[in-house]
Amino acid sequence: MQIDKLRGKELDQLCEAVLSLKDKDEAYRFFDDLCTINEIQSLAQRLEVARMLREGNTYHKIETQTGASTATISRVKRCLNYGNDTYAMVLERVHQSDDGGEDKE
């Protein structure tokens, strides 16, 4: 994994902080304090690009609807195809949560 190069006390602390959030309101407040508006928008945009790619949307449609660059779309697609499968995992969990399915554990 690419992130292995960054592993350490600080990244562990960030991961633990995210895992400690109890609900969406806490997440909103945490990310508001932690990130700039542009950073938050970029993260949210990448997740939406992943969702749209999984649904089979074209680059043009994704670019038009999200404003993402083709470089961003390509990077997300590469992660979907060759990454750690976490986009698929979290999108499935969010979908289950939206449908009243299993809890996010």
Side-chain angles (χ1 to χ4, degrees):
M1 290 188 298
Q2 295 179 45
I3 203 163
D4 283 338
K5 297 174 189 171
L6 302 176
R7 280 189 190 268
K9 182 179 151 191
E10 291 175 355
L11 188 53
D12 285 351
Q13 179 177 254
L14 175 61
C15 290
E16 290 297 328
V18 170
L19 291 170
S20 76
L21 300 171
K22 293 179 176 50
D23 56 33
K24 198 182 298 185
D25 184 59
E26 283 189 4
Y28 267 92
R29 293 184 357 243
F30 178 68
F31 284 109
D32 187 38
D33 285 346
L34 182 68
C35 301
T36 66
I37 294 299
N38 287 339
E39 290 167 336
I40 295 167
Q41 288 173 325
S42 292
L43 294 170
Q45 181 187 67
R46 288 178 186 171
L47 190 57
E48 178 62 5
V49 166
R51 185 193 66 77
M52 292 181 76
L53 283 168
R54 287 187 73 219
E55 290 180 353
N57 289 283
T58 65
Y59 272 42
H60 178 72
K61 184 172 184 178
I62 295 168
E63 188 177 14
T64 301
Q65 288 190 0
T66 67
S69 68
T70 54
T72 295
I73 298 167
S74 293
R75 184 185 191 298
V76 171
K77 185 173 184 175
R78 187 171 51 252
C79 289
L80 282 170
N81 292 333
Y82 305 108
N84 299 304
D85 298 323
T86 54
Y87 275 123
M89 177 186 69
V90 299
L91 288 168
E92 183 62 29
R93 288 178 183 174
V94 168
H95 177 70
Q96 287 176 353
S97 176
D98 288 346
D99 290 346
E102 297 177 18
D103 288 338
K104 297 180 276 181
E105 293 187 88

* Asked: Nearest 0.5 Å, what's the CD1-NE2 distance between I73 and H60?
  -> 10.5 Å
* Asked: Counting only heavy atoms not in L19, do more than 12 sit closer than 6.0 Å to its CG atom?
  -> yes
Taking only distance into account, with no hydrogens and no angle test, what donor-acceptor pairs under 3.5 Å do side-chain atoms of residues 75-88 form with protein atoms, sequence neighbours excluded?
residue	atom	partner	partner atom	Å
N81	ND2	K77	O	3.4

* To do: State which residues pass salt bridge (charged side-chain N to carboxylate O under 4.0 Å, His left out) with E63; sequence neighbours excluded, sorted by chain then number.
  => none
* Sequence neighbours excluded, which residues qualify as salt bridge (charged side-chain N to carboxylate O under 4.0 Å, His left out) partners of R46? -> none
* Structure fact -> T72 and Q45 have their tightest heavy-atom pair at CG2-OE1, 4.3 Å
* Minimum heavy-atom separation for L21 to A27, with atom names? -> CD1-CA, 3.8 Å
* Asked: Is any side-chain heavy atom of L47 less than 4.5 Å from a side-chain heavy atom of L43?
  -> no
* Which pairs with one or both residues in residues 50-59 pass salt bridge (Lys or Arg N to Asp or Glu O under 4.0 Å), sequence neighbours excluded? -> E48-R51, R51-E55
* Structure fact -> Applied to residues 6-23, the salt bridge (Lys or Arg N to Asp or Glu O under 4.0 Å) test, sequence neighbours excluded, yields D4-R7
* Asked: Are any side-chain N or O atoms of N57 and backbone N or O atoms of M52, one a donor and one an acceptor, separated by less than 3.5 Å?
  -> yes
Less than 3.5 Å apart, which donor and acceptor atoms pair up between the side chains of residues 28-36 and the rest of the protein, not counting sequence neighbours?
residue	atom	partner	partner atom	Å
R29	NH1	D25	OD2	2.9
T36	OG1	E39	N	3.1
T36	OG1	E39	OE1	3.4

